[in-house]
Amino acid sequence: MASRSSGEGNTAAAVLQRLCCKITGLSDDAVVPHYQFALRILGSNVPSVQGTGDEFQVVEKIKRHLVRRGRENDAATFAELHRKLNSQGILKNTCAILHLLLSLIGTGQTTPRAVTGTSLFGRGLSTFATSTPYPPQPASARSDQSEVVHPSRAASDTVLGATGGAHGTLSSLSHHSQHTTASSGFSSIRGEGLSDGPTPVPHTLVGPGTPFTAWREERGGRVGDSRLSSTSRSENALVPRSSRAVSHLHAGVVATTGDNTSAEIPELDLVKDVVYAFQGIEGKWIKFDSGRDGYRIDPQAGIPKAMRHVISKLAECGWLYNKIRTYVESRSTDKAFGLVGQSFCAALHEELTEYYRLIAVLEAQLHQEQDQGISDGDGLTLRRLVVWTFDPLVRLKTLAALVDVCKGKKGGALASCIFSYMQHGDPYIKSLIKHTLTLVSQPVYVTLMRWIYDGELEDTYHEFFVASDPTVKNDRLWHDKYSLRKSMIPSFLSTDQARRILLTGKSINFLRQVCQDRTPIRGRDAAMAVDIKQAQSMFVQDEESSFQKMIDGVYTDTSLHLLDILHSKYKFMDHLKAMRRYLLLGQGDFIRHLMDLLEEDLAKPAGNLYLHNLNGILETAIRATNAQYDAADILKRLDVRLLEVSPGDTGWDVFSLDYHVDGPIRTVFTPECMIMYLRVFNFLWRAKRMEYILALIWKNQMSNARCTKPIPELASILHQCQVLGCEMEHFIQQVQYYINFEVLECSWDELLHKVQEAGDLDHIIAAHQVFLDTILCRCLLDEKSRDILTQLRTIFDLIIQFETAQDNFYQAVNEELDVRQHFEQTRQKRTDQGEWAVTEAEEQEERERRTAFLRNIIPSTRAQMTDMVQRFLVMVTCHQDVSLRFLSFRLDFNQHYKVKEPNSRSPLAMQRQRSRPV
């Protein structure tokens, strides 16, 4: 069969050659190098995947290989990547891939050599982790090594006697290794067919002339797959790795050189104690000192100083673990900690779970080393623990810092504390903080979404930054029911964002509970279907603006919908204009006619007024003026209100108009605002009355001018009355002009402009409040202008007194006319009878009576008026409001009062002095 196959060219070599030609596409001559490489692979003794151990051992070999070359960080990175790969479950042949990676290690360092006889299958063996490559040594070194006395020399001589003694055998073996397996370290691998004599030690670990011994191994098994016996491995673990290179291993007895003694604790026992410390458990040599809040190494233990330092660093993991675990256990059962706090505990528990996996791997490796060992005889050491716990230690330190800073915090304040660690330069720590903050902020995000889209606030533990007061009724819903908890606003949300979030949810509740409008918010379904992992969009706003756009969009839609309901359904602007026309006296014809109708009734004492009579007069005034064309809903809200009566008050002092508001518009026109409207109305009503009184004074002067001609001595007095009336009229006209145009009209125009540009209901409320505050301030109704208002009211009272005095004057003139007419009639009667008209005494008495009449009638009133106006000008000139200071210019535009009183300063002079630099 063999000859037939050879004749047909179907041998294994021929098939392999054709396969190489097929794959590479080269000719038979050009494919020879590839063909030889394939032969070397097929003829090598590389162990199969099934015969070289499990996946864990392969991973450990790769990490040990990286650590030996000083690449501890790469070893830790490889372990983390392998953990993540296993958790995802993507690959099915993970073990085979790891074997491939293990085989590829160090291929770039292999130098091609000529294939000679026995070295054909030895090429490439340097890629195995079990190899111990060392360069060929000179003859002198080899001869020194051959002088070592081995305890099993007799057996060695027996085995090697055929070749002429141990010296010649060792020399020939070393010489053979120099040509065949110098780079692969093949001679260092125990296997069948090799002597059990001294195993050469790599020159990187043993200096020239250093003695050594070897372990006695069981023969058998494949080359490169033999294991150290458990006895040899455990004895070797007694010595730290740093001292293994200089230790003498002789027949299983450890004798160390350097600073170590025979009483030293085995490193394996120390590793066990360290693993216990990782779990917060006290070991044999490592104890927890509660007084110092840390781990303490037994001072009597035989542990070198350097190793104590390493153990102290490793024990930090256990201390940090205890700290985090204690916090999680204590806060997880605290229901008052809230959802945000529980999420923080869940994030910490998730990180601790990863830490538990590391401990499980370490314990599994310790058990494996104790039970059966690993292929290259190198176990778990303290230095390897330092490498493997490097990243976990960083994570534990970060989590412990979060635990410290978050103590006593909950809700948004807790999220703010975690967010303060986001600005970290280490991307590894930043990613950990970001992951933790994502879990912590998920309850905040869920509550926020339900608030801005449904208006629902489920905050049992008061950890959300929007607070609700369930005791507040609907009429105060907008003002008092919802507010911001400033301490719970996360630092990754700005104050403006928090305000908009508050207004959005408050607008939804206002629409549904007050306006009875349940129109769904646009985009609600799509927004509520978003994964809660989108919570990280709240604290990465410097990288993306999706959260800001979402907040702006829902805030704008909700606010505009609310304003549209107020304007269209509840006629907000109509009510606002009605306030301006009736309470701020903007409807001139209505106010004038109402005063004419109320003059007789309001002149009565306040106690004699009746509301039903006044309401009837109000309806008469409405029907007789343009007010009748307003909407019926507005007119029925207009009503008469009588203020509290004080002794001596007349109807003018207690009469007021009122406007009833209810429903959603009551949110803008609050009871406080209506009181402010009432105060302004009383001031304007009093000023309007002064104008009305001065008109009556002028009317009486004109109607009585002809009646007073029979008394020529009254010409100068009547002139003084007219001058004083004109002075008062000038004063009242300037005050009325200031109130109507510089105060009311300017403020009204600003209010309309702000209402048209308002983005939400709060803007309208604020603009309306500014409007009222401005009117109160400029009408001297605030606390700072109380003295000026008192002076102005004194002037108003003086005008009323002047009206009374003029009425009395004309009454006295009429009485004087009657007396003089009677006197003339008596004199004429006596003359007709032929008697003297008057006697000398009667004539003297008449003359004195007329002089007293002319002297006591008017001059005192004029002096009081001049004095009051001068004081008012001085006060107005010093007022902080510019518009009021300008009023003084119009009142004393020709410096009339300065001429009357040279000591007083004119308004212009006062202004210049105030603006002059000090």
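Residue pairs that meet the side-chain hydrogen bond (donor to acceptor under 3.5 Å, both in side chains) test with at least one member in residues 757-771, sequence neighbours left out, are Trp478-Asp762, Tyr555-Asp760, Tyr677-His768, His753-Glu757, Gln769-Asp773. Pairs passing the salt bridge (Lys or Arg N to Asp or Glu O under 4.0 Å) check and including a residue from residues 556-567, sequence neighbours excluded, read Arg522-Asp557.
Legend: residues meeting salt bridge (Lys or Arg N to Asp or Glu O under 4.0 Å) with Lys636, ordered by chain and number and at least two apart, are Asp633. In this structure Asp787 satisfies the side chain to side chain donor-acceptor pair (under 3.5 Å) test with no other residue, sequence neighbours excluded. Under the side chain to side chain donor-acceptor pair (under 3.5 Å) criterion, Asn682 pairs with no residue at all, not counting sequence neighbours. Not a single salt bridge (Lys or Arg N to Asp or Glu O under 4.0 Å) links Arg679 to another residue, sequence neighbours left out. Taking the salt bridge (Lys or Arg N to Asp or Glu O under 4.0 Å) definition, one finds that Asp653 meets it with nothing, sequence neighbours left out. With sequence neighbours excluded, the residues satisfying side chain to side chain donor-acceptor pair (under 3.5 Å) with Gln701 are Gln806. Shown here are the side chain to side chain donor-acceptor pair (under 3.5 Å) partners of His561, two or more places apart in sequence or in another chain: Asp517. Looking at residues two or more places apart in sequence or on another chain, you find a salt bridge (Lys or Arg N to Asp or Glu O under 4.0 Å) between Asp552 and Arg500.
Contact annotation: the side chain of Glu727 never approaches that of Phe731 to less than 4.5 Å [non-hydrogen atoms, C-beta and beyond].
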Name every donor-acceptor pair, under 3.5 Å, that has one atom in a side chain of residues 601-623 and the other anywhere in the protein, sequence neighbours excluded.
from	atom 1	to	atom 2	distance (Å)
Asn615	ND2	Leu611	O	3.2
Thr620	OG1	Gly616	O	2.9

With a 3.5 Å cut-off and sequence neighbours excluded, list the donor-acceptor pairs that the side chains of residues 660-673 form with protein atoms.
from	atom 1	to	atom 2	distance (Å)
His660	NE2	Asp639	OD2	3.3
Asp662	OD1	Arg637	NH1	3.1
Asp662	OD1	Arg637	NH2	3.3
Arg666	NH1	Val661	O	3.4
Thr667	OG1	Pro664	O	3.1
Thr670	OG1	Glu672	OE1	3.3
Thr670	OG1	Cys673	N	3.3

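Between Phe572 and His567, the ring planes are perpendicular. Angles over 60° get that label, and only those under 30° would be called parallel. The aromatic rings of Phe683 and Phe796 are tilted relative to each other, their planes meeting at an angle between 30° and 60°.
The two residues Leu678 and Ser656 make their nearest non-hydrogen contact at CD1-OG, 2.6 Å.
Remark: Arg786 CZ is loosely packed, at most 12 non-hydrogen atoms of other residues, nucleotides or ligands lying under 6.0 Å away.
Between the side chains of His575 and Tyr659, a donor-acceptor pair is found at a separation under 3.5 Å.
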